[in-house]
Amino acid sequence: MPGMQDELAALLQDVREHRVDPDDALRRLASLPFRELGFAKLDLHRELRQGAPEAIFGQGKTPDQVAQIVSAMLDAGSGSVLVTHADEEMRAAVRRVAADAEEHELAGLVWVARNVTERRGLVAMVSAGTSDGPVLHEARVRAELLGTTVVVHEDVGVAGLHRLASALPDLERADCVVVVAGMDAALASVVGGLVAAPVIGVPTSVGYGSANGGRTALNAMLSSCAAALAVVGIDDGLGAGTIAARIARQAAA
């Protein structure tokens with residue numbers, strides 16, 4: 001992976017060529033496993049271990065805390081930093097410490113992409129309705145930051161199933177498919193019965209009455225007759241994007 005791995009390689013090369021004292025290099029290496037901020041212990045080795053840097057869950061943190069975490073991760077050489085569940089004040093705090101930050105207001109995301117690995121593999125993502133968009137784009141951004149190409153088709157749910165036809169070519173050529181749906185989540189079973197690639201279902205909390213905050217969609221996906229459908233938790237776009245990227249990159253290796 002770029003980012004921390006590149007920084008470590010450069011440090012070792014500097015030691016080899018006597019530009020950095022070995023004792024200084026040891027001090028720098030000692031801080032790599034995690035960084036203590038007082039209110040958080042940052043797992044700075046995660047990108048090196050798993051190819052995916054730690055994501056920051058904004059909810060429950062102050063804007064200043066998130067800004068400090070983002071700064072520390074960037075200083076440590078993270079290839080990218082993603083903050084989820086970030087309100088406007090939090091996104092503004094990140095922009096102040098990283099001028100190159102990007103954001104998606106509807107999805108509550110802010111991220112910095114400085115050294116994303118070369119893209120490999122294709123993930124196709126579909127949503128049942130426009131209201132599923134925030135979760136869909138959380139999955140999309142995460143997968144893109146982990147080095148995959150993502151194609152998106154929104155609002156193709158079963159209430160107007162003919163809308164899915166235009167998405168089928170992308171679904172059929174994808175290395176992994178993500179289906180984001182609330183209400184009765186029927187779209188996941190439909191797609192799961194059409195494509196050869198693994199399908200990840202993401203139930204959302206969108207829906208009326210007996211949709212029950214996404215639990216109906218979750219149970220519908222879990223009880224699907226589509227055998228190649230795996231399911232993440234309610235509104236877990238981050239998890240779906242992470243898994244989909246790993247599958248797609250492995251498939252295209």
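If you read the sequence from its start, that first residue is 1, and numbering goes on from there.
- Of the inter-residue distances, the one linking Leu11 atom CG with Arg19 atom CZ reads 10.5 Å to the nearest 0.5 angstrom.
- The main-chain N or O of Ala86 is found under 3.5 Å from a side-chain atom of Arg91 such that the two form a donor-acceptor pair.
- Here the rule is side chain to side chain contact (heavy atoms under 4.5 Å, CB included) with Val179, and of Val199, Leu136, Asp132 only Val199 fits it.
- Nearest heavy-atom pair across Ala217 and Thr204 is CB-O, 4.2 Å.
- Between Met73 and Ile56 there is a side-chain heavy-atom pair separated by less than 4.5 Å.
- Listed for the Arg119 side chain is a donor-acceptor partner under 3.5 Å among the backbone atoms of Glu144.
- Closest approach of Ala181 and Ala128 over heavy atoms only: CB-CB, 3.7 Å.
- In plain terms, the two heavy atoms of Asp175 and Gly121 that are nearest each other are OD2-CA, 3.3 Å.
- Interatomic distance, OG of Ser205 versus CG of Leu218, reported as 11.5 Å (0.5 Å rounding).
- In this structure, Asp170 and His153 have side chains that are in contact, with non-hydrogen atoms separated by less than 4.5 Å.
- The backbone N or O of Gly147 sits nowhere less than 3.5 Å from a side-chain atom of Thr117 that would complete a donor-acceptor pair.
- Crowding of Arg16 atom CZ: a count of heavy atoms from other residues, nucleotides or ligands under 6.0 Å not exceeding 12.
- At distances below 3.5 Å, at least one donor-acceptor pair connects side-chain atoms of Glu138 with backbone N or O atoms of Leu238.
- Within the 4.5 Å cutoff, the side chain of Val83 has heavy atoms near those of the Val70 side chain.
- Residues Met90 and Glu103 form no side-chain contact, since every pair of their non-hydrogen atoms from C-beta on lies 4.5 Å or further apart.
- You'll find the side chain of Val66 stays beyond 4.5 Å of the side chain of Val110, heavy atoms only.
- Pairing each heavy atom of Val123 with each of Ala248, the nearest pair is CG2-CB, 3.6 Å.
- Within the 3.5 Å criterion, the main-chain N or O of Asp155 finds a donor-acceptor partner in the side chain of Arg163.
- Distance check: Ser80 OG to Leu74 CG gives 9.0 Å after rounding to the nearest 0.5 Å.
- Hydrophobic clustering, with ILVMFWY side chains joined whenever heavy atoms are under 4.5 angstrom apart, groups Leu168 together with Val191.
- The number of heavy atoms from other shown groups lying within 6.0 Å of CD (Glu89) does not exceed 12.
- Shortest non-hydrogen contact noted between Ser224 and Ser189 is OG-OG, 2.7 Å.
- To the nearest 0.5 Å, atoms CD (Glu154) and OG (Ser131) are separated by 10.5 Å.
- Heavy atoms from other residues, nucleotides or ligands lying under 6.0 Å from CD of Gln13 number more than 12.
- Side-chain contact check for Met125 versus Val180: every heavy-atom pair is 4.5 Å or farther apart.
- What you find for Gly201 and Leu229 is that their closest heavy atoms are N-CD1, 3.6 Å.
- A heavy-atom distance below 4.5 Å is not found between the side chains of Arg142 and Trp111.
- When the shell of 6.0 Å around CD of Glu88 is examined, it contains more than 12 heavy atoms from other residues, nucleotides or ligands.
- A salt bridge between Arg249 and Glu118 is absent, with no side-chain N of the basic residue lying under 4.0 Å from a carboxylate O of the acidic one.
- From Glu102, atom CD reaches atom CG of Asp100 across 8.0 Å, with rounding to the nearest 0.5 Å.
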